[in-house]
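This report concerns only the one structure given below.
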Amino acid sequence: MVSILDALNPAQQQAVQAIEGPVLVLAGPGSGKTRVLTHRIAYLINVIGVDPFHILAVTFTNKAAREMRERLEQLIGPGPTAGLTVGTFHSICSRILRRGIVHLGRERDFVIYDADDQERLMRRVLRSLSLDEKQYPPRAIRNRISSAKNELVGPHEFARVNRSYYDEIVTRCYERYQELLRESNALDFDDLLVETVHLLEYHPDVTAHYHDRFVYLLVDEYQDTNRAQYELIKLLAARRRNLFVVGDEDQSIYAWRGADVRNILQFEDDYPDAQVILLEQNYRSTQEILDVAQAVISGGERKHAKNLWTDNGKGRQVSLHEGYDQNDEAQQVVDEIARLIAGGDYRLSDCAIMYRTNAQSRALEEALITRGVRYQIVGGTRFYERKEIKDVLAYLRLLANPYDGVSLGRVLNVPARGIGERTESELNRWSAELGVPIYQALQELANMEGRQSPFATRTRNALLAFLSLIDELIDLVKQHDLPTLIGAVVDRVGVYEALLREYGADDGEDRWSNVLELRNVSNEYINLPREAQLATFLEEVALVADVDSLDPQKDAVTCITLHQAKGLEFPVVFLVGLEEGLLPHSRSMDDRGALEEERRLLYVGATRAKERLYLHYAFRRITYGHVNTTAPSRFLSHIPKSLLHPPIKRQQSITPQSTMFTQRSDVSSGVGKGYQKNRSSRSRASAGPTEITFAPGQQVRHARFGEGIVVSSKLVDGDEEVTVHFADQGEKRLLASFARLERVD
DNA sequence: CTACTGATTTTTTTT
DNA sequence: AAATCAGTAG
């Protein structure tokens with residue numbers, strides 16, 4: 001009991017022990033706000049005696065939720081945390097909606113559409129309204145609708161407020177889009193929030209239920225909540241008013257996604273009796289790092305300036321480095337990492353490289369590969385966004401909900417089965433005419449006499465063959481557990497053959513191993529009741545974020561975007577690409593608000609560092625395939641020279657151009673080859689019949705499961721299936737081709 | 001309908 | 001530099 005308050009400073013204690021009612025914690029970076037949240041929950045449970053069942057904590061990512069749970073278990077033991085609800089807005093809304101499904105006037109469970117699905121649906125909308133995709137880009141319209149939804153603006157109100165001709169088009173799309181969503185039994189990402197707010201607004205009994213259920217509400221990263229999330233919280237907290245929010249206006253970096261800092265700035269207006277607690281002491285960084293961060297942020301406009309301080313000591317000076325180009329920049333970073341590791345003070349996992357755009361990771365990746373430095377990369381093309389994965393998932397979603405029009409459209413001709421563009425649009429048109437989902441239209445077609453059919457016999461047969469394939473697969477759902485089901489679907493559909501045909505042997509095998517990995521992931525759902533496995537899997541797959549996959553145990557350098565780095569910390573941080581056009585990004589330069597957000601992004605990045613911070617920019621950079629000379633970021637000019645280690649040129653000094661060229665071409669060709677070799681050898685391992693390469697007793701390491709001992713190994717479907725006993729996880733069966741088992745000697 | 005080829009466009013950030 | 005698109009031959 002004492003331990004809950006023991007390790008906290010007075011301000012933190014005050015927050016943790018706050019009496020009932022609204023509480024606003026304004027917390028600077030590294031001030032232990034996550035700690036305060038965790039300890040607050042522990043305090044509520046252990047000291048106040050609150051049933052964890054009555055506590056709801058909202059985090060920004062699933063990873064943060066998981067970590068909070070873990071720390072809580074360390075603090076008060078696993079038993080008392082059992083009934084606690086911790087999750088992201090989206091996952092919590094998804095759960096509330098599934099429970100309240102009957103109020104939504106839907107009979108079936110819904111599927112969740114991600115950005116890609118949204119865009120496909122929008123294409124269908126545009127086509128059905130005979131609008132030109134060139135003139136009205138689906139993505140732009142989707143964005144428009146998405147921001148409207150974030151502000152809880154429905155089609156009707158949208159039309160009322162926005163009256164330009166273009167907006168009239170958007171309104172029509174919005175309406176049709178919603179119709180099609182409903183027909184597909186689908187909700188898009190934004191709908192999860194919107195529908196939940198509506199559910200609570202229009203169903204007082206449901207709200208009452210949640211008022212009884214969630215007596216204590218805690219929200220992290222409150223500065224990044226959007227209007228819908230704000231309303232949701234307001235509704236949930238209305239009766240009890242035990243709302244505990246934590247945030248930092250200086251770390252608001254999601255305005256482009258609808259986040260509204262006013263939510264945190266006006267908290268005291270919303271709740272005049274709110275206790276406000278300021279956490280200014282920083283426990284993370286050295287004073288030198290904080291000074292630089294402060295200098296960056298003070299250059300901007302902000303409401304209440306915080307005064308960050310630390311007693312961590314002065315630490316090393318932050319350094320600023322100019323590279324010749326992005327490859328040189330990457331080289332400098334990797335050299336420094338190698339130097340730090342060799343010095344023995346740091347491990348690879350202590351180092352993080354942060355950048356503004358995902359595209360910047362490529363040069364870094366190449367440099368890391370050439371030097372043989374292990375790394376994990378967050379972002380880029382996410383696993384669940386890969387085409388082959390989305391295709392398989394589309395089949396699975398279709399089995400869970402055959403009315404899902406986007407998924408149906410996605411797999412209708414994948415693999416190619418003679419149903420082309422023409423047939424597809426005719427099918428769309430026809431089902432719209434009937435006013436039924438496509439799946440139902442196909443069923444009608446099956447019941448029709450051949451000559452009544454709007455399709456030529458050959459086309460009709462292709463469509464009916466597809467329908468019976470789907471029906472055949474639907475029958476499998478009840479018969480198998482999830483991994484077996486996925487195996488069966490993939491097999492019946494002929495995914496492997498299709499991938500080989502489409503991408504050639506090497507890439508096809510790579511993609512195939514992704515599919516096998518998907519099946520592997522599904523193993524985690526095997527203990528659920530069979531009928532819940534598929535739905536739960538699909539839901540969680542839709543809501544995972546990329547940071548969620550970050551493994552802090554793994555000894556590897558982390559490469560991550562500044563946005564995703566929020567909430568993380570590393571002893572050593574490299575911020576790269578600090579140039580005009582990149583940070584601030586060129587797309588943010590003409591808007592004052594956006595520009596300020598870029599500044600905060602740099603601030604967030606700098607404050608991730610505990611001990612060492614390196615700032616990098618390049619003299620020139622290749623973008624869109626051609627070379628541009630760059631200027632150092634304007635934000636750097638706000639940092640007093642005295643705070644920075646004088647800019648260091650490359651160790652050998654900037655060598656004559658010719659040397660630079662030889663050096664770089666060496667590097668890049670080396671990378672090319674190394675990378676290729678790497679890829680193809682991985683592919684070969686999974687191609688066709690292989691040999692057994694793991695022997696019982698062999699010590700191995702897996703990224704997620706840790707170290708283990710090989711129990712047995714056998715050939716299955718031309719792949720090596722290794723059974724490994726892991727110390728923490730028990731026995732797992734893994735496929736050698738993609739599990740990336742490392743041998744430990 | 002599919003597969004290939006050359007032209008054109010594209011990246012900001014993500015739950 | 002890579003991905004997507006449009007047009008064409010089979």
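Here is the naming used below: chain letters follow the sequence lines, and residue numbers restart at 1 for every chain.
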(message) Between C:dA6 and B:dT11, how many Å separate the two C1' atoms, rounded to a whole number?
(response) 22 Å

Note to self: Using a heavy-atom cut-off of 4.0 Å across all strands, would you classify A:Lys134 as base, sugar-phosphate, or nothing?
What the structure shows: sugar-phosphate

| request: Determine: side-chain N/O of A:Gln564 to OP1/OP2 of B:dT14, distance under 4.0 Å, yes or no. | output: yes

Inset, instruction - Apply salt bridge (charged side-chain N to carboxylate O under 4.0 Å, His left out) to the pair A:Glu596 and A:Arg600, showing each step before the final yes or no. - result: CA-CA 6 Å; A:Glu596 285 307 304; A:Arg600 295 193 293 268; 5.2 Å; no

### Query
Does a donor on one side chain sit under 3.5 Å from an acceptor on the other, for A:Glu221 and A:Tyr254?
no

Quiz prompt | Test item: A:Arg120 side-chain N/O and A:Asp116 main-chain N/O as donor-acceptor pair under 3.5 Å | solution = no

Winner on side-chain proximity to A:Tyr624, out of B:dT15, B:dT10, B:dT2, is B:dT10

Looking only at B:dT15, C:dC5, B:dT14, the nucleotide nearest the A:His90 side chain is B:dT15

Which of B:dT15, B:dT14, B:dT11 is nearest the side chain of A:Thr61? It is B:dT15

For A:Asn62, answer base if it contacts any base atom (sugar-phosphate contacts may also be present), sugar-phosphate if it contacts only those atoms, and nothing otherwise; contact means non-hydrogen atoms under 4.0 Å. nothing

Of the listed B:dT13, B:dT2, B:dA3, the closest approach to the A:Arg501 side chain comes from B:dA3

Discussion item. Does B:dT2 have OP1 or OP2 under 4.0 Å away from a side-chain N or O of A:Arg422?
Written reply: no

By nearest-nucleotide position on DNA chain B, the 5'-leaning member of A:Leu543 and A:Thr423 is A:Thr423

Of the candidates B:dT13, B:dT2, C:dC5, the side chain of A:Asn413 sits closest to B:dT2

Using the six-membered ring wherever Trp is involved, compare the ring planes of A:Phe189 and A:His90 and label them parallel, tilted or perpendicular (cut-offs 30° and 60°).
tilted

Between CZ of A:Arg417 and P of B:dA3 the distance, given in whole Å, is 13 Å

Separation of B:dT15 atom P from A:Ile253 atom CD1, nearest Å, is 11 Å

Would you say A:Gln360 reaches B:dT11's phosphate, i.e. side-chain N/O to OP1/OP2 under 4.0 Å? no

Of B:dT11, B:dT15, B:dT14, the nucleotide closest to the side chain of A:Arg139 is B:dT11

Between CZ of A:Arg458 and P of B:dC1 the distance, given in whole Å, is 9 Å

Between CG of A:Asp188 and C1' of B:dT14 the distance, given in whole Å, is 14 Å

Which of B:dT13, B:dT15, C:dA2 is nearest the side chain of A:Thr561? It is B:dT13

(request) For A:Ala416, report the nucleic acid contact type (base, sugar-phosphate, nothing); a contact means any heavy atom under 4.0 Å. (result) sugar-phosphate

Winner on side-chain proximity to A:Arg257, out of B:dT11, B:dT2, B:dT15, is B:dT15

For A:Phe60, which contact category applies under a 4.0 Å heavy-atom criterion: base, sugar-phosphate, or nothing?
sugar-phosphate

